[in-house]
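Worksheet: one structure, shown below.
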Protein chains: 2
Amino acid sequence: MKNKLDQIDFKIISILSDEAQMPYTEVAKKLIVSPGTIHARVRKMKEMGLITGASLNLDYSKIGWKLTVFLGIYLSKSSLYKQVMDDLVKINEVVKIHHTTGKFDIFIKMHTRDSMHYREVYQNQVLAINGIKGVESFISVEEKLIRHIQFDS
Amino acid sequence: MKNKLDQIDFKIISILSDEAQMPYTEVAKKLIVSPGTIHARVRKMKEMGLITGASLNLDYSKIGWKLTVFLGIYLSKSSLYKQVMDDLVKINEVVKIHHTTGKFDIFIKMHTRDSMHYREVYQNQVLAINGIKGVESFISVEEKLIRHIQFDS
DNA sequence: GGTGAAAGAATGGAAGC
DNA sequence: GCTTCCATTCTTTCACC
């Protein structure tokens with residue numbers, strides 16, 4: 001797995017990170033290489049596991065899901081993280097789960113329609129999980145930046 | 001802006017959220033509608049602002065960016081959030097910035113190559129910003145779930 | 001507002017450089 | 001390992017339902 005990436009690879013990633021649906025021919029034009037090259041590079045990076053997929057960016061508030069909430073979770077025993085994470089996966093409103101070191105043991109992100117919906121999920125689903133000692137919540141008021149790393153090297 | 005979404009719209013979003021690069025013809029086949037319908041629906045949702053774009057999912061660790069860190073930031077005055085967020089945008093390693101209520105004023109996510117790189121960015125760039133009173137950091141050990149909401153309604 | 005077909009464009013190999 | 005070429009497949013529009 002000794003695939004070295006060059007500037008062209010990084011530029012492809014930079015472009016597609018912002019606009020995953022841009023046709024490869026257009027990417028090729030921007031970088032002044034042939035479409036076949038883009039194709040081969042992208043396939044290589046997918047095989048390497050660098051590119052794991054592509055997803056839509058959605059503005060949930062446009063369909064009435066107005067709340068984005070982060071929860072910092074304390075476990076009663078740190079070793080329970082695996083089981084608690086498995087339980088969290090089952091909650092539909094949870095979109096990201098991170099096992100972390102530092103103040104919290106687990107950090108999650110969730111979307112809900114409104115504060116009532118949030119409270120319901122929080123009380124009936126999150127707090128019902130065994131092994132959770134405490135939770136701190138942070139409501140996102142504004143999301144400022146969505147981007148990927150600009151790789152200069 | 002009275003665009004009601006139906007089951008087909010939600011299914012399109014569900015499919016493309018996982019696989020943004022899937023051809024519309026294939027989406028059409030899955031949902032048993034014509035390609036033209038998919039096209040029209042996606043365009044409608046883009047015009048509504050629901051779909052804001054598409055991005056690649058990258059596994060940064062594959063190119064040696066092994067650390068994902070969350071920082072919870074306390075401001076010396078809450079009103080400074082705008083200016084501090086603008087300064088944070090300028091840091092290349094920062095990929096997400098949320099203005100939050102709760103314990104922290106601002107919550108960010110960043111990627112770095114290793115702990116030395118992290119320390120350097122943290123000390124020289126984050127702490128150098130005016131208006132930041134304190135920071136708590138959480139290092140992500142494992143990312144468990146990347147998905148979008150399954151809209152049932 | 002959906003369908004299906006048609007023209008144009010992009011994809012994804014293969015062969016050669 | 002990149003490029004060009006080509007057959008296949010996809011996109012995108014539009015007249016019709």
Side-chain angles (χ1 to χ4, degrees), chain A residues 1-60 62-65 148-153, chain B residues 1-60 62-65 148-153:
Chain A
M1 199 69 82
K2 203 60 247 113
N3 287 299
K4 254 184 40 201
L5 299 175
D6 63 14
Q7 288 301 105
I8 294 178
D9 293 309
F10 288 125
K11 280 180 185 158
I12 293 171
I13 291 174
S14 280
I15 292 171
L16 290 180
S17 291
D18 288 332
E19 284 277 345
Q21 290 176 322
M22 180 185 291
Y24 291 171
T25 47
E26 202 174 328
V27 179
K29 247 181 279 174
K30 273 180 195 284
L31 302 183
I32 320 178
V33 294
S34 72
T37 303
I38 304 293
H39 188 85
R41 300 295 189 104
V42 171
R43 191 178 47 217
K44 179 186 73 180
M45 292 188 282
K46 281 184 178 165
E47 278 165 7
M48 284 172 64
L50 204 200
I51 297 174
T52 56
S55 57
L56 286 188
N57 300 134
L58 300 175
D59 182 349
Y60 291 102
K62 284 290 192 310
I63 40 171
W65 287 57
H148 291 261
I149 297 289
Q150 298 302 315
F151 303 97
D152 303 320
S153 54
Chain B
M1 199 70 81
K2 203 65 241 107
N3 288 299
K4 255 185 37 202
L5 299 176
D6 63 14
Q7 288 301 105
I8 293 178
D9 292 310
F10 287 124
K11 280 181 186 157
I12 293 171
I13 292 174
S14 279
I15 292 171
L16 290 180
S17 292
D18 288 333
E19 284 276 347
Q21 291 176 320
M22 180 186 290
Y24 290 172
T25 46
E26 202 175 327
V27 179
K29 247 180 279 171
K30 274 181 194 284
L31 302 183
I32 318 178
V33 294
S34 74
T37 302
I38 304 293
H39 197 260
R41 300 293 190 104
V42 171
R43 192 176 47 217
K44 179 187 74 181
M45 291 189 281
K46 280 185 179 166
E47 278 164 7
M48 285 172 64
L50 204 199
I51 297 175
T52 57
S55 56
L56 286 189
N57 300 133
L58 300 176
D59 182 348
Y60 291 103
K62 284 291 192 311
I63 41 172
W65 287 57
H148 292 261
I149 297 289
Q150 298 303 313
F151 303 98
D152 302 319
S153 54

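Chain A is the first sequence line, chain B the second, and so forth, proteins listed ahead of strands; every chain is numbered from 1.
As rounded to whole Å, 13 Å separates atom C1' of C/dA10 from atom CD of B/Q21. Residue A/L31 contributes atom CG, which lies 14 Å from atom C1' of D/dC2 at whole-angstrom precision. In this entry the distance linking CG of B/D6 with P of C/dG1 reads 10 Å, nearest Å. Between B/I38 atom CD1 and C/dG4 atom C1' there is a gap of 14 Å when expressed in whole angstrom units. Between the CG atom of B/L16 and the P atom of D/dT11 there is a distance of 10 Å, rounded to whole Å. One can place CG of A/D9 at 10 Å from P of D/dG1, the figure rounded to the nearest angstrom.
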message = For B/I13 and B/L50: C-alpha separation, side-chain torsions, deciding distance, then whether side chain to side chain contact (heavy atoms under 4.5 Å, CB included) applies.
response = CA-CA 10 Å; B/I13 292 174; B/L50 204 199; 3.6 Å; yes

Quiz item: Going through the distances and angles, do A/L31 and A/I15 end up as a side chain to side chain contact (heavy atoms under 4.5 Å, CB included)?
Solution: CA-CA 10 Å; A/L31 302 183; A/I15 292 171; 3.9 Å; yes

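Sorted by first then second residue, the side chain to side chain donor-acceptor pair (under 3.5 Å) pairs that include residues 23-33 of chain B, not counting sequence neighbours, number zero.
Remark: A/T37 is in phosphate contact with D/dT3, judged by side-chain N or O atoms under 4.0 Å from OP1 or OP2.
Side-chain polar atoms of B/S17 and B/S14 form no donor-acceptor pair below 3.5 angstrom.
Enclosure of atom CD in B/Q21 by more than 12 non-hydrogen atoms of other residues, nucleotides or ligands within 6.0 angstrom is indicated.
The backbone N or O of A/D9 lies less than 3.5 Å from a partner atom in the side chain of A/D6, making a donor-acceptor pair.
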Letter by letter from the 5' end, nucleotides 11-17 of chain C scores (B base, S sugar-phosphate only, - none; protein heavy atoms under 4.0 Å) SSS----

